[in-house]
Amino acid sequence: MSIVPKETIEVIAQSIGVSNLSPDVAFALAPDVEYRMREIMQEAVKCMRHSRRTTLTTDDVHAALTLKNVEPLYGFASGDPLRFKRAIGHKDLFYIDDKEVDFQEVIEAPLPKAPLDTAVACHWLAIEGVQPAIPENAPLQVIAAPAEGKKSQKRDGLPVDIKMPVKHVLSRELQLYFDKITELALTKPDSVLFKEALVSLSTDSGLHPLVPYFTCFIAEEVARGLTEFPHLFALMRVVWSLLQNPHIHIEPYLHQLMPSVVTCLVSRRLGTRIADNHWELRDFTANLAASICKRFGSVYSNLQTRFTKTLVNAFLDPKKALPQHYGAIQGLAALGPNVVRLLILPNLEPYLKILEPETSFEKQKNVMKRHEAWRVFGTLLRASGSCMYDLIKMFPVLPSPPAHAIWKNKGKVVTTPLKKRKASMVQLDEQPPPKKIAIDGPIDAPLNNSTIPSDMQVVVTSTSIPKSSVSDINPSSSVQASDETASSIKLRSAKAGKRSLNMSAILKQVWKEELNSGQLLVSLSEQFGERIYPFFPTPEMCLFL
């Protein structure tokens with residue numbers, strides 16, 4: 001039984017001029033027609049799948065007919081949808097309304113324009129944040145002020161001109177760029193594509209028109225999504241990338257960015273899950289805020305002052321949570337050792353007394369609270385140790401101990417410096433060569449050790465000298481050599497005395513200026529115990545202990 005009725009076969013036969021087709025022949029042809037139609041449609045579906053499409057088109061049927069060596073259908077291809085009309089007198093019979101075309105009109109119609117070749121044209125979207133007035137860019141439209149409301153009167157009667165806002169028009173490319181960045185920040189903050197987007201934000205030029213949109217987006221999302229930890233971290237990374245871009249002038253928008261940065265630093269809770277590492281976010285935000293203060297502190301004189309005041313209030317407020325104290329301490333420590341020495345160390349002892357019960361297992365049974373307390377203790381230890389280390393580095397390197405002369409039994413004097421560093425080539429070139437002292441008396445005369453400097457080599461041998469050679473020695477030459485030796489000894493002793501005086505003066509000045517460093521080290525040792533010692537080098541620490 002075929003799904004193609006025999007009446008359809010008879011209608012097709014009549015359309016091609018066969019009017020006397022018997023019903024038996026039509027009944028026999030119906031299954032074969034169905035088989036041929038199924039075969040053509042299967043080939044058309046294969047062509048559709050090879051074209052990576054899900055909708056069957058007339059082109060697929062045309063390709064199937066070509067594969068089966070069947071004469072394809074001819075006609076004009078049109079992108080318009082097919083228009084079906086209902087046949088008069090039949091409810092379920094439809095036909096395509098084909099418009100009759102006059103060949104004479106087609107022949108006399110003008111030829112269409114040739115399609116343009118595909119090309120790529122480059123133009124500037126913005127130059128130093130200013131959009132150039134070229135045909136490729138969208139025109140800048142200024143909202144015209146109403147004719148009646150151009151001026152308004154104050155209470156004192158002075159006229160004031162009203163300046164209407166200028167409409168900020170972005171190009172289509174910048175709009176798509178902004179939408180893509182914001183979508184990645186909110187949906188895929190851990191993807192590789194978002195990391196590439198951050199690199200683009202930190203290096204691409206021409207992004208200055210998007211800075212106000214990014215600042216508004218960051219402020220809104222931070223205020224609205226404090227419970228979404230991935231979003232907050234992604235937004236802070238966007239701020240960091242914007243700050244790294246040398247082509248963006250972000251100074252006018254710092255008043256919008258700083259509240260969001262401070263919120264992510266000293267907020268009571270960032271995220272809702274236990275797995276959210278809000279400590280890492282606070283560390284990253286502290287470094288971000290410190291970089292902003294160091295970079296733009298000269299432009300805005302009260303920027304760092306207001307920031308440190310906010311952090312100190314959060315640090316000294318006992319009603320604040322421990323994560324808020326942690327963020328405040330990290331922010332102050334990131335600003336440098338001077339800030340730690342002036343703002344944290346004076347308040348260290350009373351704060352540690354308040355913090356001690358929170359770190360004790362007997363007094364604090366809540367594991368989470370105890371973990372937060374030890375986190376705060378660790379950041380205090382790190383900040384104090386780093387500050388003390390930078391303070392100790394101000395001391396000069398101590399001089400090496402003086403050389404000592406060692407007398408040997410073989411009649412030679414050898415100077416052996418203890419742990420003395422090797423002299424450089426420049427120092428060796430500047431020093432005069434060692435001299436030998438000529439002696440006019442008998443060889444067995446004792447040598448006065450006090451008259452011989454340690455940096456001179458005196459070699460006395462016990463070999464006998466012939467009397468003739470002794471008598472040939474010129475007395476004047478020996479006297480001259482002894483005078484030169486005495487003068488060189490005096491010059492070297494004067495230099496050594498001057499060097500010792502300079503070193504003593506330096507040490508006195510250092511001890512005078514940093515006398516409280518030893519007291520500070522002792523105080524930190526009493527408060528932190530042996531945990532503070534790894535922050536100090538051993539030679540410098542020995543000065544104070």
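Index from 1, following the sequence.
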Task: Val340 to Ala383 - nearest heavy-atom pair and separation - done: CG1-O, 3.7 Å
Open item on the list: Between Arg53 and Asp60, does any side-chain N to carboxylate O distance fall below 4.0 Å?
Closed with: yes
TODO: Measure the shortest side-chain to side-chain distance between Val339 and Arg341 over non-hydrogen atoms and say whether it is less than 4.5 angstrom.
DONE: no
- [ ] Measure from the side-chain N and O atoms of Ser202 to the backbone N and O of Val199, and report whether any donor-acceptor pair falls under 3.5 Å.
- [x] yes
- [ ] Can you establish whether the number of heavy atoms outside Trp124 located under 6.0 Å from its atom CH2 is more than 12?
- [x] no
Task: Distance, nearest 0.5 Å, that separates CG of Leu332 from CG of Leu380 - done: 10.0 Å
Task: Exercise: identify the closest heavy-atom pair between Gly327 and Val266 - done: C-CG1, 4.2 Å
Open item on the list: Tyr253: which residues meet the ring-ring contact (aromatic ring centres under 6.0 Å, His included) condition with it, sequence neighbours left out?
Closed with: none
Open item on the list: Tell me whether the NZ or CZ atom of Lys365 lies within the 45° cone about the ring axis of Phe361 and under 6.0 Å from its centre.
Closed with: yes
TODO: Give a yes or no on this: more than 12 heavy atoms of other residues, nucleotides or ligands lie within 6.0 Å of atom CD of Gln244.
DONE: yes
TODO: State, yes or no, whether a side-chain contact exists between Glu372 and Pro323 at a heavy-atom distance under 4.5 Å.
DONE: yes
- [ ] Measure across Ala185 and Pro189 and return the closest heavy-atom pair with its distance rounded to 0.1 Å.
- [x] O-CB, 3.9 Å
Open item on the list: Please check: side-chain N/O of Tyr300 versus main-chain N/O of His255, any donor-acceptor pairing under 3.5 Å?
Closed with: no
Task: Heavy-atom pair of closest approach, residues Ala290 and Leu335 - done: CA-CD2, 3.9 Å
Open item on the list: For the CH2 atom of Trp374 and the CG atom of Leu355, what is their distance to the nearest 0.5 Å?
Closed with: 8.5 Å
TODO: For Arg295 and Leu243, indicate whether the former's side chain and the latter's backbone hold a donor-acceptor pair under 3.5 Å.
DONE: yes
Task: Short side-chain to backbone donor-acceptor contact, Thr379 and Val376, under 3.5 Å - done: no
- [ ] State the NE2-CD1 distance between His325 and Ile354, to the nearest 0.5 angstrom.
- [x] 8.5 Å
Open item on the list: Looking at every non-hydrogen atom in both residues, tell me the closest pair between Phe307 and Gly331 and how far apart they are.
Closed with: CE2-O, 4.4 Å
Open item on the list: Would Ile292 and Lys294 count as a side chain to side chain contact (heavy atoms under 4.5 Å, CB included) here? Give the steps.
Closed with: CA-CA 6 Å; Ile292 292 176; Lys294 293 177 183 178; over 6 Å; no
Open item on the list: Over 60° means perpendicular and under 30° means parallel, so tell me whether Phe315 and Tyr351 are parallel, tilted or perpendicular.
Closed with: tilted
- [ ] Please report the closest heavy-atom contact between Gln175 and Leu170, naming both atoms and the distance.
- [x] NE2-O, 3.1 Å
Open item on the list: Measuring from atom CZ of Arg375 to atom CZ of Arg370, what distance do you get when rounded to the nearest 0.5 angstrom?
Closed with: 15.0 Å
Open item on the list: Atom CZ of residue position Arg306 - does it have more than 12 heavy atoms of other residues, nucleotides or ligands inside 6.0 Å?
Closed with: no
Open item on the list: Determine whether a donor-acceptor pair (N or O, by modelled atom type, separation under 3.5 Å) exists between the side chain of Ser267 and the backbone of Cys264.
Closed with: no
Open item on the list: Please evaluate residues His247 and Leu207 with respect to the criterion side chain to side chain contact (heavy atoms under 4.5 Å, CB included), reporting the C-alpha separation (whole Å), side-chain torsions for both, the decisive distance (0.1 Å), and the verdict.
Closed with: CA-CA 8 Å; His247 309 287; Leu207 299 181; over 6 Å; no
- [ ] Working to the nearest 0.5 Å, report the span between CD of Glu358 and CG of Asn366.
- [x] 9.5 Å
TODO: Start with the C-alpha gap between His249 and His208, add the side-chain angles, then the distance that decides, and say whether side chain to side chain contact (heavy atoms under 4.5 Å, CB included) holds.
DONE: CA-CA 7 Å; His249 303 286; His208 187 72; 3.8 Å; yes
- [ ] Check for a donor-acceptor pair, side chain of Asn347 on one end and backbone N or O of Ile344 on the other, with a separation under 3.5 Å.
- [x] no
Open item on the list: Can a donor-acceptor pair be found, under 3.5 Å and without considering hydrogens, that links the side chain of Arg282 to the backbone of Leu265?
Closed with: yes
Open item on the list: Students often mix this up, so state it plainly: with edges at 30° and 60°, are the rings of Trp279 and His371 parallel, tilted or perpendicular?
Closed with: perpendicular
TODO: Take Ser200 and Tyr177, measure what side chain to side chain donor-acceptor pair (under 3.5 Å) needs, and give me the verdict at the end.
DONE: CA-CA 10 Å; Ser200 175; Tyr177 184 87; 2.8 Å; yes
Task: pair Asn277-Leu281: side-chain heavy atoms closer than 4.5 Å - done: no
Open item on the list: If we count only N and O atoms by modelled type, under 3.5 Å, do the side chains of Thr215 and Gln256 hold a donor and an acceptor together?
Closed with: yes
TODO: Report yes if the side chains of Thr57 and Met48 come closer than 4.5 Å at any heavy-atom pair, otherwise no.
DONE: no
Open item on the list: Counting neighbours of NE2 on His50 that are heavy atoms of other residues, nucleotides or ligands and sit closer than 6.0 Å, is the number greater than 12?
Closed with: no
- [ ] Check whether any side-chain heavy atom of Lys188 lies under 4.5 Å from a side-chain heavy atom of Leu193, and answer yes or no.
- [x] no
Open item on the list: Test your reading of the model: is there a side-chain donor-acceptor pair from Asn287 to the backbone of Ala334, 3.5 Å cut-off?
Closed with: no
Task: Sub-4.5 Å side-chain heavy-atom contact between Leu345 and Cys387 - done: yes
Open item on the list: Checking the side chain of Asp276 only, and the main-chain atoms of His278 only, is there a donor and an acceptor separated by less than 3.5 Å?
Closed with: no
Open item on the list: Whether the side chain of Thr308 engages the backbone of Thr305 through a donor-acceptor N/O pair (distance < 3.5 Å, no angle test) should be reported.
Closed with: yes
Open item on the list: Run Ile250 and Leu257 through side chain to side chain contact (heavy atoms under 4.5 Å, CB included) and show every step you take.
Closed with: CA-CA 10 Å; Ile250 205 169; Leu257 288 177; 3.6 Å; yes
Task: Non-hydrogen side-chain atoms of Leu201 and Asn245 separated by less than 4.5 Å - done: no
TODO: Measure the spacing between CG of Leu303 and CE of Met258 and express it to the nearest 0.5 Å.
DONE: 5.5 Å
Output a table of donor-acceptor pairs, distance under 3.5 Å, between side-chain atoms of residues 216-235 and any protein atom two or more places apart or on a different chain; print 'none' if there are none.
unit_1: Glu221; atom_1: OE2; unit_2: Arg224; atom_2: NH2; d: 2.3
unit_1: His231; atom_1: NE2; unit_2: Leu186; atom_2: O; d: 2.7

- [ ] Check whether any side-chain heavy atom of Lys320 lies under 4.5 Å from a side-chain heavy atom of Arg268, and answer yes or no.
- [x] no
